[in-house]
Amino acid sequence: MAYFSFTEKLRRGEKIKIFNYGNCRRDFTYVDDIVEGIRRVMLSAPVLEKGSDGLPVPPYRVYNIGNSSPENLLDFVRILGEELTDAGVLPEGFDVDAHSELVPMQPGDVPVTYADTDPLFRDFGFRPSTDLRTGLRRFARWYRDFYLN
């Protein structure tokens, strides 16, 4: 939810913290892709199976619904700023860099995260595919329409 909290802070003129001095890659997934993945999983409950010992295997599976394409955090912030400006959420010429603070890595964080969607694709033929710019453009327009109009 970095895009939402960053947007709120930028609108208030506050600084956003960019961890590991921007040397992070994150897997951003557009909400419609998540909803579609959940919908597909819900429509096909796992079948009760028996293990090699003849005992029932619990009928559940865990799926990671993500974009599987980690993006550089600094690129994310730049694109978010561009799309928020284009949508009129931020004023023309807003300086996102002046409102960004590069800080060290948070304890317990990792430099790269991304989803392994192979099981989701194998079982449901689905893999989230909305690219970062498209997702942020849709978010910026939704934010404008929901909060500013």
Side-chain angles (χ1 to χ4, degrees), residues 1-47 57-149:
M1 298 287 294
Y3 48 89
F4 192 87
S5 64
F6 282 9
T7 299
E8 292 283 289
K9 286 182 179 189
L10 293 171
R11 287 198 62 240
R12 291 190 302 260
E14 298 174 10
K15 288 197 174 215
I16 56 174
K17 290 183 180 182
I18 302 173
F19 292 100
N20 202 28
Y21 307 101
N23 297 315
C24 288
R25 296 176 63 80
R26 294 289 180 259
D27 192 6
F28 298 99
T29 309
Y30 186 61
V31 65
D32 287 356
D33 286 342
I34 294 169
V35 170
E36 178 61 18
I38 291 170
R39 186 188 73 77
R40 289 183 185 217
V41 171
M42 286 176 51
L43 292 175
S44 181
V47 177
V57 175
Y60 70 88
R61 291 209 171 57
V62 175
Y63 296 99
N64 198 336
I65 304 173
N67 210 18
S68 290
S69 178
E71 303 279 353
N72 180 281
L73 194 53
L74 293 175
D75 292 339
F76 163 77
V77 170
R78 176 183 52 77
I79 294 168
L80 177 64
E82 291 169 1
E83 295 302 331
L84 291 172
T85 301
D86 287 350
V89 174
L90 295 177
E92 198 65 39
F94 186 88
D95 188 354
V96 173
D97 289 340
H99 290 84
S100 300
E101 180 181 2
L102 300 176
V103 297
M105 181 77 87
Q106 294 183 92
D109 206 351
V110 294
V112 179
T113 63
Y114 63 95
D116 175 5
T117 59
D118 289 342
L120 182 69
F121 186 75
R122 177 195 67 225
D123 293 351
F124 302 100
F126 177 71
R127 198 178 304 264
S129 61
T130 304
D131 66 274
L132 181 62
R133 182 170 295 277
T134 300
L136 290 176
R137 179 175 299 130
R138 291 175 184 166
F139 165 75
R141 291 174 182 171
W142 169 84
Y143 186 96
R144 175 197 62 208
D145 295 344
F146 192 81
Y147 287 99
L148 305 180
N149 289 332

### Query
Can you say whether the rings of Phe146 and Trp142 are parallel (under 30°), tilted (30 to 60°) or perpendicular (over 60°)?
parallel
### Query
Hey, what do you get for OG (Ser5) to CD (Glu14), rounding to the nearest 0.5 Å?
10.5 Å
### Considering all heavy atoms, the nearest Lys9-Ile16 contact
CB-CG2, 3.9 Å
### Message
Would you compute the distance between atom CZ of Arg25 and atom CG of Asn20 and round it to the nearest 0.5 angstrom?
### Response
13.0 Å
### Summary
Separation between CZ (Arg26) and CG (Asn72), nearest 0.5 Å, reads 10.5 Å
### Task
Given side chain to side chain contact (heavy atoms under 4.5 Å, CB included), test Arg133 with Glu82 step by step and report yes or no.
CA-CA 9 Å; Arg133 182 170 295 277; Glu82 291 169 1; 2.7 Å; yes
### Query
Which pair of heavy atoms, one from Asp123 and one from Arg61, lies closest together, and at what distance?
OD2-CD, 3.7 Å
### Lys17, NZ atom: more than 12 neighbouring heavy atoms under 6.0 Å
no
### Crowding at OH, Tyr60 (>12 non-hydrogen neighbours, <6.0 Å)
no
### Task
Report yes or no: does Ser100 contribute a side-chain atom to a donor-acceptor pair with the main-chain N or O of Val96 at less than 3.5 Å?
yes
### Query
Looking at residues at least two apart in the chain, or sitting in another chain, which of them share a side-chain contact (heavy atoms from CB on, under 4.5 Å) with Ala115?
Asp27, Asn64, Thr117
### Query
Between Asp118 and Arg127, does a salt bridge (Lys or Arg N to Asp or Glu O under 4.0 Å) hold up when you go through it step by step?
CA-CA 8 Å; Asp118 289 342; Arg127 198 178 304 264; 3.2 Å; yes
### Task
Mind listing the closest non-hydrogen atom pair of Asp33 and Ser129 along with its distance?
OD2-N, 3.1 Å
### Task
Sequence neighbours left out, what pairs pass ring pair (Phe, Tyr, Trp, His ring centres under 6.0 Å) with at least one residue falling in residues 18-41?
Phe28-Phe76
### Message
Looking at Tyr114, I'd like to know if its OH atom is crowded, meaning that more than 12 non-hydrogen atoms belonging to other residues, nucleotides or ligands lie closer than 6.0 Å.
### Response
no
### Task
For the residue pair Ile34 and Pro128, establish whether any side-chain heavy-atom pair is separated by less than 4.5 Å.
no
#### Entry: For Ala87 against Arg141, the heavy-atom pair lying closest together
CB-N, 4.2 Å
### Task
Report yes if the side chains of Thr130 and Arg138 come closer than 4.5 Å at any heavy-atom pair, otherwise no.
yes
## Note on the structure
Heavy atoms of Met105 and Val110 approach each other most closely as CE-C, 3.7 Å
### Query
Could you walk me through whether Asn67 and Leu132 pass the side chain to side chain contact (heavy atoms under 4.5 Å, CB included) check?
CA-CA 9 Å; Asn67 210 18; Leu132 181 62; over 6 Å; no
### Task
Can you sort out the partners of Val41 under side-chain contact (heavy atoms from CB on, under 4.5 Å), two or more places apart, ordered by chain and number?
Tyr63, Leu120, Phe124
### Query
With side chains defined as the heavy atoms from C-beta onward, is the minimum distance between Thr7 and Phe139 less than 4.5 Å?
yes
### Task
Please tell me if the side chains of Arg144 and Leu84 come closer than 4.5 Å, counting only heavy atoms from C-beta onward.
no
#### Entry: Least distance between heavy atoms, Leu136 atom then Glu83 atom
O-CB, 4.0 Å
### Query
Does Arg11 reach the side chain of Tyr143, with side-chain heavy atoms less than 4.5 Å apart?
yes
### Task
Nearest 0.5 Å please: distance from the CG atom of Asp75 over to the CG atom of Leu80.
12.5 Å
